[in-house]
Amino acid sequence: MSSCVPARADSARTEHIHPPHSPPTGGPRRFRLAGADVSASIAVFLIALPLSLGIALATGAPLQAGLVAAAVGGIVVGWLGGCPLQVSGPAAGLTVVTADLIQQYGWRTTCAITVVAGIAQLGLGCLRVARSALAVSPAIVHGMLAGIGVTIAVAQLHIVLGGTPQSSVPDNLLALPAQLANLRPADVAASVLTLTLLFLWPRVPGKAGRLLGKLPAALIAVAGATAVAALAGLRLPKVDLPSWSSHALATLPDGPVLGLVAAVLTTTLVCSVQSLLGAVAVDKLVSARPGLTGRVKRSDLDRELLGQGAANIVSGSLGGLPIAGVAVRSTANVSAGAVSRNSTMLHGVLVLIATLLLVPALELIPLASLAALVMAVGLKMVSLNHIRTVTRHREVLVYAVTTGGVVFFGVLEGVALGIAVAVGVALHRLTRTRIKHDETAGVHHVHVRGQLTFLAVPRLSRVLHQVPQGVDTVVELDGSFMDHAAYETLQDWQKTHTAQGGRVEITGRRPGTRISEPADTDGCRCRPWTAWRNHQCEPPQPTPPPGADGQGETGTDTDAVTGSPGRPGGQSEADGPEGSDGRGKPTGTGATGTPSGLGGLSARDLARGISGRELARGISAFQRNTAPLVRGELARLAREGQQPSQLFLTCADSRVVTSMITSSGPGDLFVVRNVGNLVPLPGEESGDDSVAAAIEYAVDVLKVRSITVCGHSGCGAMQALLSTEPGGAQTPLKRWLRHGLPSLARLRDDPESPSGAPESPSEDTECWPLLAGRPPADAAERLCLANVVQQLEHLRAHDAVARALSAGDLELHGMYFHVGEAQAYLLSGDPVSAADGVFELVLETDLTA
C-alpha cells in the first residue's frame with residue numbers, strides 16, 4: 001500500500017477481528033487528551049476567570065457565584081451538552097435578569113429559581129422543541145441583547161466612577177450627573193487603565209503583537225490594572241471572596257406564585273435562546289475552520305438544552321449564577337484550536353482549581369477594573385453589524401422596540417413587546433400590496449410589489465382593467481406569495497386580454513415566477529444560470545413551407561432546428577425529433593446536396609443565426625429579469641470602484657461558472673481564466689506577462705486577501721498533457737501547455753518519460769493528492785489534483801505573492817470542482833508536495849438555522 005494512503009482506511013474494517021476463541025488483542029479504550037484541547041482550555045480559562053467575577057459583581061450576587069457557574073458550566077455542559085465546542089457559564093445576557101431577581105427575591109431564592117429553570121429546560125429538551133426556539137426573529141434576539149448591553153453599561157458606569165448603581169436604567173441616568181460631580185479618582189484611574197489595555201492590547205503591531213495577542217486582552221487588562229493599583233498603593237474597593245463555609249446555597253422559593261412563575265419563564269427563555277443561538281453560531285465557526293468539520297459533529301440542539309438544564313440545576317443548588325452558552329468564550333475556544341469537548345471540561349476544572357487555590361491573588365483585583373471590563377462587554381452587545389442587518393431586512397422597528405422595552409421595562413416585557421411588533425409587521429407586509437400602472441414606449445407595465453392575497457384582488461382587478469385592449473403588457477410580480485384568488489384573477493384577465501389581440505408577459509422577482517400562458521406568448525421560465533440550449537423561452541417560429549427543408553411534406557418542425565420547446569410529440573431536446581441528431585439539428589440534406597436548413601440556408605449559416613439569437617435573447621433576459629435587481633449594487637460599485645477580496649484563478653472551461661459555484665456576486669472575485677488554470681513561473685524565458693500582471697495587480701493594487709487556484713474534472717488541458725507526444729510542431733497550445741509539465745512530473749518517476757504515469761489508482765509507484773480521503777479515479781483526475789498543488793507552488797515564486805505571504809496579508813487556497821457531481825473540494829493545510837494534500841469535501845451548511 002502506498003505510504004501516502006492513510007492506514008486508518010483499512011484499520012476500520014479490522015479493529016474488531018481477532019483469532020477465534022481468543023480474547024481481543026486491544027485493551028480497554030484509554031482516555032486521551034489532545035494537546036490542542038489543553039492549550040485551548042487554558043486560553044478560555046484566562047478569559048473566563050475575570051469575566052465570571054465581573055458578571056457576578058454586575059448582578060449583585062456573591063462573587064464566588066460567578067466562579068461556581070463557570071466551573072459547573074464547563075464541566076457539566078461540556079460533558080452532557082450537544083455542542084462540543086460551546087463554552088457555557090455566567091453570561092452577560094443574563095446579568096439584568098439575575099440582578100432583578102436578586103433585588104426582588106434575594107440571593108437564595110434566586111438560586112432556587114435557577115434550579116427550577118434548569119428543570120424546565122430538561123422538560124423542553126425531552127419534548128425536543130429546541131429547534132422551535134430558533135423561530136424567534138433574530139431582530140428580537142439582537143434587540144434583547146442590545147437592551148441588556150445598554151442596561152449593563154449604564155449600571156457599571158456608576159461603579160467605574162466610584163459609586164453605586166441604581167435599580168433601573170432611568171434611575172441610573174438621573175443619578176449620573178450627581179455621580180460625575182462626586183467621582184473617585186482612584187476608581188476612575190483603574191477603570192481607564194483597564195479599558196485602555198482592553199482596547200490597545202489586540203492592536204499591538206508587528207511580530208510582538210502576534211506573540212502578545214495569544215494572551216487574552218481581558219486577562220491583561222484586569223491584571224495590569226491590579227498590578228498598577230497595588231504598586232501605586234491606591235485605596236479602592238477590591239474583590240472580597242468570603243470563606244466557602246459561609247457560602248449561601250439555594251433555599252425553597254419564597255414569594256408570590258405568579259411572580260416566581262414569571263421569573264422562571266424569563267430565566268428559562270433567556271438561557272435557552274442564548275444557548276441555542278450560540279450553538280448554531282459555533283457550528284458555523286467549526287465549518288469555517290479547515291480540517292475540523294469531519295472531527296466535530298454538528299450540534300444536537302435538544303441534547304444541548306438537556307445539558308444546559310442539568311448545569312443550571314447543579315449551579316443553582318451549589319449557589320452559582322444561571323448558566324448559558326457564552327459567545328466570547330466559545331469563539332475563543334474554536335479559534336484556539338479545540339478539537340473536542342475535553343477543552344470545555346478542562347477549562348471548568350481549571351476554574352475550580354483557581355477558585356480553591358488563587359483566592360489571595362483574586363482579592364487584589366479592584367472592583368472598578370471588573371466593572372470596566374463588564375461595561376465594555378455590555379457595549380459590545382450593541383452590535384453595529386446587527387443594526388445594519390436588521391436595517392437591510394427592514395426590521396429596525398422590531399429591534400428598536402425590543403431594545404427599548406428591555407431597557408425601560410425588563411427582559412420579559414421587552415421580548416413580549418418585540419414579538420407583538422414583529423407579528424404586526426408581518427401582518428402589515430402580508431396585507432400591504434402596492435400596485436401601479438404606467439406606460440413606456442407603447443408597452444404598458446403593471447408593477448405589483450408585495451404579497452398577492454385575496455385582500456389585494458379588488459385593487460389588482462381595478463388596475464388590470466385600466467390597461468387598454470389589444471396592447472402589449474408586462475406584469476411584474478415583486479413578491480414571493482400568490483394565493484388562489486389572486487392567481488385566478490390574473491389568469492382570467494390574461495386569457496381575456498390575449499383573446500382581444502394583446503400580448504402579456506408576466507415576470508417575477510425570482511426567475512421562473514409566471515402564470516401559464518398560451519403557446520404564442522413570449523416569456524422566460526429559465527434561471528440565469530440555465531444553459532442556452534435548455535432555455536424554454538424562445539417564441540415559436542413560423543412553420544417552413546413544404547419541401548423547404550429538403551424533406552418534402554414530412555419535414556421537421558422549425559423548433560427542431562431552433563431548439564425551442566415546440567417540438568412535435570413533446571420530445572425533449574436530448575432526444576430530438578425524427579430526422580435530427582439528438583441536438584435538434586436536422587441530419588438530412590437538401591436537393592442541392594448541402595445540409596438542409598430553412599429558406600435554403602446552410603447549416604453553418606443557420607447555426608450562426610441561432611447563436612446570435614441565443615446571445616441576444618440571453619442579454620434581453622438579463623435586462624428584463626436580473627438587471628433591475630442588481631442595478632443598485634452595480635451603481636455602487638461604479639462609484640466606489642472594485643474592491644474584491646479574492647483572486648480566483650481557474651480554467652477557461654465553459655462548464656466552470658465561477659459565480660455559480662462560489663455564490664459570489666459583482667465585485668467579489670477578481671477572476672483570471674486560462675487553459676488548464678496554469679500559473680507560469682516568473683522569468684523572461686518561462687514567464688507569461690498576462691497571468692503575472694493579473695497576479696501583481698490583484699495583490700499590490702487591489703490588495704486581495706486570498707488567492708484560489710481552482711481545477712476541475714475532465715480538464716482538456718490535463719488530458720492533452722497526458723496524451724501529447726514530445727516533438728512535433730510547436731503550436732500556441734503546445735507552447736502554453738509546457739507550463740503544466742511540472743505538474744506532470746509529480747506523477748512520474750522520470751519526468752522526461754512520457755509513459756511514466758501510473759495507469760491505476762492502486763499502483764504504488766507514486767503518491768498523489770487524496771480526494772475526500774479516497775485516491776483519484778484515474779490518471780487524468782490525479783493530474784488535475786496535482787496541478788492545483790503545483791500551481792500554488794508557482795504562485796509562491798512571484799515576488800508580489802511572496803511579499804504578501806511573508807507579511808501575513810495573503811492566504812493561498814486550492815480548490816477542485818467535480819463537474820459531474822456539482823461538488824467542490826478544498827485543499828486542506830499548506831502542502832509542499834502532492835502527497836501531502838487532501839482535498840476535503842465542502843459540505844452543505846444550514847445557513848437558515
* To do: With rounding to the nearest 0.5 Å, note down the distance linking CD1 in Ile353 to CZ in Phe45.
  => 8.5 Å
* To do: Provide the closest heavy-atom pair for Ser88 versus Gln308 in the form atom of the first, atom of the second, distance.
  => OG-NE2, 2.8 Å
* With Asp302 via salt bridge (Lys or Arg N to Asp or Glu O under 4.0 Å) - residues at least two apart -> Arg128
* Asked: So which heavy atom on Ala61 is nearest to which on Leu321, and how close?
  -> CB-CD2, 3.7 Å
* Glu304 and Ser275 side chains, donor-acceptor separation under 3.5 Å -> no
* Does a sphere of radius 6.0 Å around CG in Leu357 hold more than 12 heavy atoms from other residues, nucleotides or ligands, not counting ones at 6.0 Å or beyond? -> yes
* **Side-chain heavy-atom pair Val273, Val415 within 4.5 angstrom cut-off** => no
* Sequence neighbours excluded, which residues qualify as ring pair (Phe, Tyr, Trp, His ring centres under 6.0 Å) partners of His158? -> none
* Closest contact, heavy atoms only, Trp201 versus Leu215 -> NE1-O, 3.1 Å
* **Identified side-chain contact (heavy atoms from CB on, under 4.5 Å) partner of Gln121 from the options Val116, Ile313, Thr268** => Thr268
* Structure fact -> All heavy atoms of Ala58 vs all of Val374, minimum pair found to be CB-CG1, 4.1 Å
* **Reported CG-to-CD distance for the pair Leu173 and Gln166, which is rounded to 0.5 angstrom** => 11.0 Å
* Which pair of non-hydrogen atoms, one from Met381 and one from Leu145, has the smallest distance, and what is that distance? -> CE-O, 3.4 Å
* Inter-residue atom distance Ile387.CD1 - Thr403.OG1, 0.5 Å rounding -> 7.5 Å
* Asked: Would one find more than 12 heavy atoms of other residues, nucleotides or ligands at under 6.0 Å from atom CZ of Arg184?
  -> no
* Asked: Under the criterion side-chain contact (heavy atoms from CB on, under 4.5 Å), which of Val239, Ile365, Thr194, Leu193 is the partner of Thr226?
  -> Ile365
* Specify the closest pair of heavy atoms between Leu63 and Asp240, including all atoms of both residues, with the distance to one decimal. => CD1-N, 3.8 Å
